[in-house]
Enquirer: 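Pasting a structure below so you can have a look.
Every value quoted in this text rests on a predicted model; they were computed, and no experiment measured them. Every heavy atom of this structure was used, including side-chain atoms; hydrogens, water molecules and symmetry mates were not. Counting starts at 1 for both ligands and their atoms, in listed order.
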Amino acid sequence: MKVLITGGAGFIGSHVVRLFVNKYPNYTIVNLDKLTYAGNLANLKDIENKPNYTFVKGDIVDADFINKLFQEHQFNAVIHLAAESHVDRSITNPLEFVYTNVIGTVNLLNAAKTLYKADPSKFTKFYHVSTDEVYGSLGDTGMFTETTAYDPHSPYSASKASSDHFVRAYHDTYKLPCVISNCSNNYGPYHFPEKLIPLCINNIKNNKPLPIYGKGENVRDWLFVEDHARAIDVIFHNAALGSTYNIGGHNEWTNIDVIRLLCDMMDDKLGRPKGTNQQLITFVTDRAGHDLRYAIDSTKLQKDLGWKPSLQFEEGLSKTVDWYLQNEEWLTNVTSGEYANYYEKQYQN
Ligand code: NAD
Ligand code: DAU
């Protein structure tokens, strides 16, 4: 089994690559990544020399390159995670999200279709990793199920919704063997520090302000990244073709409560008097089009395929903070250069 994993140098992709390389020594895993600001081969240091692992640098927007890669490797399956993933960047530069998330996905579907048509017994699965943000925003009650209508609000979620539609269209039109999952907010090691939790861990460490959009009342459903990777493994191997699974932690928190918990936890871990870090909380201008609440109903995944989250949030957050405090070099590297400038500018807004 030769599996192409796209975006494997990113946050979630690196956990999926690590899990598959270690758990399935008889699979050949090819990691294709453009290495944008969010892609970092340091995320995969521990497995880079494994005999069943290969890295290829390349852009999914380049159709010729993608077609040649598929012909050369004759992949049996694809797990597609490569994407522009940050909502704030999508507000500043929507086109980049259309290129990678929409056109890049269609390029991969076309290349997969060619292999599938040539020999349907050899190309067996196109697994598209998507997000709960395609479902839009919830009020105070209710949860997203697999049948919730799509209602994206940000350029990011609109681009992911579009890519999901293309995947379904290729399944229905060309019988391409496809599966989709839509997951809630992930957190954990190797999370790029532009996203809420790692940004605030880094800022607390450096005694910098913690920018909370609006009043901090928006709700997200947090899942430890290794639990997402395990869900992807279970779905990849067991889901019916053409099916969709929601993945989530049943773990809803307002942003302000997450950050207060983080502040208190890091007071303890850094030996600061209780209450010190909460003084860093700074309310800033809200994100445009900010979705109020996400909550995933993952009953189908739990019942059909027996998956469930393994960690309580407090435990996962504590593991995550420890990882960032122990991996200062990784944090310094990813917060230097171009990214640092971007993030200073964002905060000044
Ligand atoms: P990330 O931004 O950390 O990583 C994305 C990876 O894709 C990077 O390694 C980057 O270099 C690569 N990439 C970007 N453009 C590319 C291109 N044109 N060609 C090849 N590679 C390219 O993202 P993430 O948080 O790990 O998310 C991975 C996937 O999971 C995305 O599809 C995202 O929509 C989805 N998702 C993320 C979350 C979350 O909470 N982070 C939740 C649900 C779903
Ligand atoms: O729900 C899944 C999605 O979760 C993924 O599809 C996206 O790729 C991923 O980036 C994430 O999107 P969010 O926008 O929810 O994540 P982010 O970490 O950017 O923000 C989480 C919440 O915190 C959100 O309500 C906005 C808020 N926020 C974020 C930042 C960066 C702040 O209040 N301050 C900040 O500085």
Side-chain angles (χ1 to χ4, degrees), residues 5-17 31-41 43-44 56-62 65-66 79-91 96-97 99-101 103-105 107-108 128-135 137 144 154 156-157 159-160 163-164 181-188 190-200 203 209-223 225 228-229 232 247-248 253-256 258-259 281-287 290-296 334 343 346-347:
I5 300 183
T6 71
F11 166 47
I12 301 169
S14 61
H15 288 275
V16 175
V17 167
N31 171 14
L32 166 66
D33 200 296
K34 184 180 171 185
L35 300 182
T36 67
Y37 78 94
N40 186 353
L41 289 178
N43 298 0
L44 292 163
V56 177
K57 185 172 187 301
D59 188 345
I60 60 171
V61 178
D62 181 346
F65 162 75
I66 291 295
I79 305 178
H80 174 37
L81 296 108
E84 286 294 335
S85 69
H86 191 40
V87 173
D88 294 331
R89 287 182 189 251
S90 82
I91 294 168
E96 203 59 48
F97 286 68
Y99 290 134
T100 288
N101 299 359
I103 295 171
T105 300
N107 284 339
L108 292 167
H128 178 60
V129 176
S130 192
T131 172
D132 60 356
E133 301 203 7
V134 298
Y135 297 123
S137 183
F144 299 132
S154 72
Y156 164 69
S157 54
S159 69
K160 291 297 290 187
S163 65
D164 292 12
S181 61
N182 297 84
C183 188
S184 63
N185 284 64
N186 286 212
Y187 70 98
Y190 303 110
H191 203 183
F192 199 82
E194 65 184 347
K195 309 280 170 69
L196 179 70
I197 289 181
L199 174 79
C200 289
N203 284 13
L210 310 176
I212 305 298
Y213 297 161
K215 294 182 181 156
E217 286 168 347
N218 304 69
V219 173
R220 296 293 182 265
D221 177 355
W222 293 99
L223 180 69
V225 62
H228 187 188
I232 289 173
I247 311 170
W253 289 74
T254 60
N255 293 336
I256 188 66
V258 169
I259 297 312
I281 291 175
T282 310
F283 293 96
V284 298
T285 311
D286 207 353
R287 173 184 279 173
H290 198 173
D291 287 335
L292 178 65
R293 175 173 164 258
Y294 304 145
I296 277 278
V334 300
Y343 133 99
Q346 278 298 106
Y347 179 64

Enquirer: Considering non-hydrogen atoms of the protein only, which is the closest contact for atom 11 (C) of ligand 2, and what is the distance?
Expert: N185 ND2, 3.4 Å
Enquirer: Mind checking whether L35 contacts ligand 1 via backbone (N, CA, C, O), side chain (CB onward), both or neither, at a 4.0 Å heavy-atom cut-off?
Expert: backbone
Enquirer: Does the N or O separation between D59 and ligand 1 drop below 3.5 Å for any pair?
Expert: yes
Enquirer: Return the minimal non-hydrogen interatomic distance between I296 and S184, and the atom names on each side.
Expert: CG1-CB, 3.9 Å
Enquirer: What about Y37: any of its N or O atoms under 3.5 Å from an N or O on ligand 1?
Expert: no
Enquirer: Specify side chain, backbone, both or neither for H80, according to which of its non-hydrogen atoms lie closer than 4.0 Å to ligand 1.
Expert: neither
Enquirer: Output the list of atoms in ligand 2 that are nearer than 4.0 Å to some heavy atom of L199, sorted by atom number.
Expert: 36 (O)
Enquirer: Which residues pass the ring pair (Phe, Tyr, Trp, His ring centres under 6.0 Å) test with H228, not counting sequence neighbours?
Expert: none
Enquirer: Around atom 19 (O) of ligand 2, find the nearest protein heavy atom and jot down its residue, atom name and distance.
Expert: R287 NH2, 2.9 Å
Enquirer: With a cut-off of 4.0 Å, which atoms of ligand 2 are near a heavy atom of T131?
Expert: 1 (O), 2 (C), 3 (C), 5 (C), 6 (O)
Enquirer: So which of Y213, F11, Y156 gets nearest to atom 33 (O) of ligand 2, if we judge by its closest heavy atom?
Expert: Y213
Enquirer: Any N/O of T36 closer than 3.5 Å to an N/O of ligand 1?
Expert: yes
Enquirer: Any donor and acceptor pair, going by atom type alone, linking the side chain of D33 with main-chain N or O of A9 inside 3.5 Å?
Expert: yes
Enquirer: With heavy atoms of G58 as the reference, note each atom of ligand 1 found under 4.0 Å away.
Expert: 19 (N), 20 (C)
Enquirer: Applying a heavy-atom cut-off of 4.0 Å, say which part of K160 lies close to ligand 2: side chain, backbone, both or neither.
Expert: neither
Enquirer: At what distance is the nearest protein heavy atom to atom 40 (O) of ligand 1, and which residue and atom is it?
Expert: N186 N, 2.9 Å
Enquirer: Under a 4.0 Å heavy-atom limit, does E133 contact ligand 2 with its side chain, its backbone, both, or neither?
Expert: side chain
Enquirer: Compare all side-chain heavy atoms of N182 with those of D164 and state whether any distance is below 4.5 angstrom.
Expert: yes
Enquirer: With heavy-atom distances below 4.0 Å as the criterion, list the atoms of ligand 1 near N185.
Expert: 40 (O)
Enquirer: Using the test salt bridge (charged side-chain N to carboxylate O under 4.0 Å, His left out), find all partners of D59 that sit at least two apart in sequence or belong to another chain.
Expert: K34
Enquirer: Measure the distance from atom 3 (O) of ligand 1 to every protein heavy atom, then report the residue, atom name and distance (to 0.1 Å) of the closest one.
Expert: F11 N, 3.0 Å
Enquirer: Considering non-hydrogen atoms of the protein only, which is the closest contact for atom 18 (O) of ligand 2, and what is the distance?
Expert: L196 N, 2.8 Å
Enquirer: Between V61 and ligand 1, does any nitrogen or oxygen pair lie at a separation below 3.5 Å?
Expert: no
Enquirer: Heavy-atom distances under 4.0 Å decide this one: backbone, side chain, both or neither, for N255 against ligand 2?
Expert: side chain
Enquirer: Less than 4.5 Å apart, any side-chain heavy atom of Y213 and any of T285?
Expert: no
Enquirer: Record the part of I197 in heavy-atom contact with ligand 2 below 4.0 Å; permitted values are side chain, backbone, both and neither.
Expert: neither
Enquirer: What protein heavy atom sits nearest atom 4 (O) of ligand 1, and how far away is it?
Expert: G10 CA, 3.4 Å
Enquirer: Using a 4.0 Å cut-off to any heavy atom of H86, which atoms of ligand 2 qualify?
Expert: 19 (O)
Enquirer: Select one of side chain, backbone, both or neither to describe which atoms of V87 lie under 4.0 Å from any atom of ligand 2, heavy atoms only.
Expert: side chain
Enquirer: Would you mind checking which non-hydrogen protein atom is closest to atom 2 (O) of ligand 1, with the distance to 0.1 Å?
Expert: S85 OG, 2.7 Å
Enquirer: Starting from atom 42 (C) of ligand 1, locate the nearest protein heavy atom and write down its residue, its atom name and how far away it is, to 0.1 Å.
Expert: S184 O, 3.3 Å
Enquirer: Number the atoms of ligand 1 from 1 as they appear, then name those within less than 4.0 Å of a heavy atom of K34, with their elements.
Expert: 16 (C), 17 (C), 18 (N), 19 (N), 20 (C), 21 (N), 22 (C)
Enquirer: For atom 15 (N) of ligand 1, what's the nearest protein heavy-atom neighbour? Residue, atom name and distance, please.
Expert: T100 CG2, 3.5 Å
Enquirer: Going by heavy-atom distance to atom 7 (O) of ligand 1, choose the closest among G188, G39, A83.
Expert: A83
Enquirer: In the protein, which heavy atom is nearest to atom 44 (C) of ligand 1, and how far is it?
Expert: S130 O, 3.1 Å
Enquirer: Would you mind listing which atoms of ligand 2 come within a distance below 4.0 Å of any non-hydrogen atom of I212?
Expert: 33 (O)
Enquirer: Which word best sums up how the rings of Y37 and F192 line up, parallel for under 30°, tilted for 30 to 60°, or perpendicular for over 60°?
Expert: perpendicular
Enquirer: Could you tell me, atom by atom, which parts of ligand 2 come under 4.0 Å of a heavy atom of Y294?
Expert: 1 (O)
Enquirer: Checking the N or O distance criterion of under 3.5 Å, is ligand 2 in contact with R220?
Expert: yes
Enquirer: Give the atom numbers and elements of ligand 1 that come within less than 4.0 Å of a heavy atom of V129.
Expert: 30 (O), 32 (O)
Enquirer: In terms of residue, atom name and distance, what is the protein heavy atom nearest to atom 8 (O) of ligand 2?
Expert: S85 O, 2.8 Å
Enquirer: Got the closest protein heavy atom to atom 31 (C) of ligand 2, with its distance?
Expert: E194 O, 3.2 Å
Enquirer: Using distance alone, determine whether K160 and ligand 1 share an N or O pair under 3.5 Å.
Expert: yes
Enquirer: For ligand 1, find out whether one of its N or O atoms is nearer than 3.5 Å to an N or O atom of H191.
Expert: no
Enquirer: Short N/O distance, under 3.5 Å, between I12 and ligand 1?
Expert: yes
Enquirer: Find all atoms of ligand 2 within a distance of less than 4.0 Å from any non-hydrogen atom belonging to P211, and give their numbers and elements.
Expert: 32 (C), 33 (O), 34 (N), 35 (C), 36 (O)
Enquirer: Do T282 and P211 come close enough that some side-chain heavy atom pair is under 4.5 Å?
Expert: no
Enquirer: Quick check on contacts: which atoms of ligand 2 are under 4.0 angstrom from a heavy atom of D132?
Expert: 1 (O), 2 (C)
Enquirer: Taking only heavy atoms of C183, which atoms of ligand 1 are found under 4.0 Å from at least one of them?
Expert: 42 (C), 43 (C)
Enquirer: Below 3.5 Å, N or O to N or O, backbone or side chain included: is there any such pair between T131 and ligand 1?
Expert: no
Enquirer: Please say whether E84 places an N or O atom under 3.5 Å from an N or O atom belonging to ligand 1.
Expert: no
Enquirer: Compute the shortest N/O to N/O distance between I60 and ligand 1 and return yes if it is under 3.5 Å, no if not.
Expert: yes
Enquirer: Hey, which atoms in ligand 2 end up nearer than 4.0 Å to a heavy atom of H290?
Expert: 24 (C), 25 (O), 26 (C)
Enquirer: What do you reckon, is CZ of F65 surrounded by more than 12 foreign heavy atoms closer than 6.0 Å?
Expert: yes
Enquirer: For V61 and Y99, which heavy atoms make the closest approach, and how far apart are they?
Expert: CG2-O, 3.4 Å
Enquirer: Look at atom 28 (C) of ligand 1 and say which protein heavy atom is nearest, naming residue and atom and giving the distance to 0.1 Å.
Expert: L81 O, 3.5 Å
Enquirer: At under 4.0 Å between heavy atoms, is it the side chain or the backbone of Y156 that contacts ligand 1, or both, or neither?
Expert: side chain
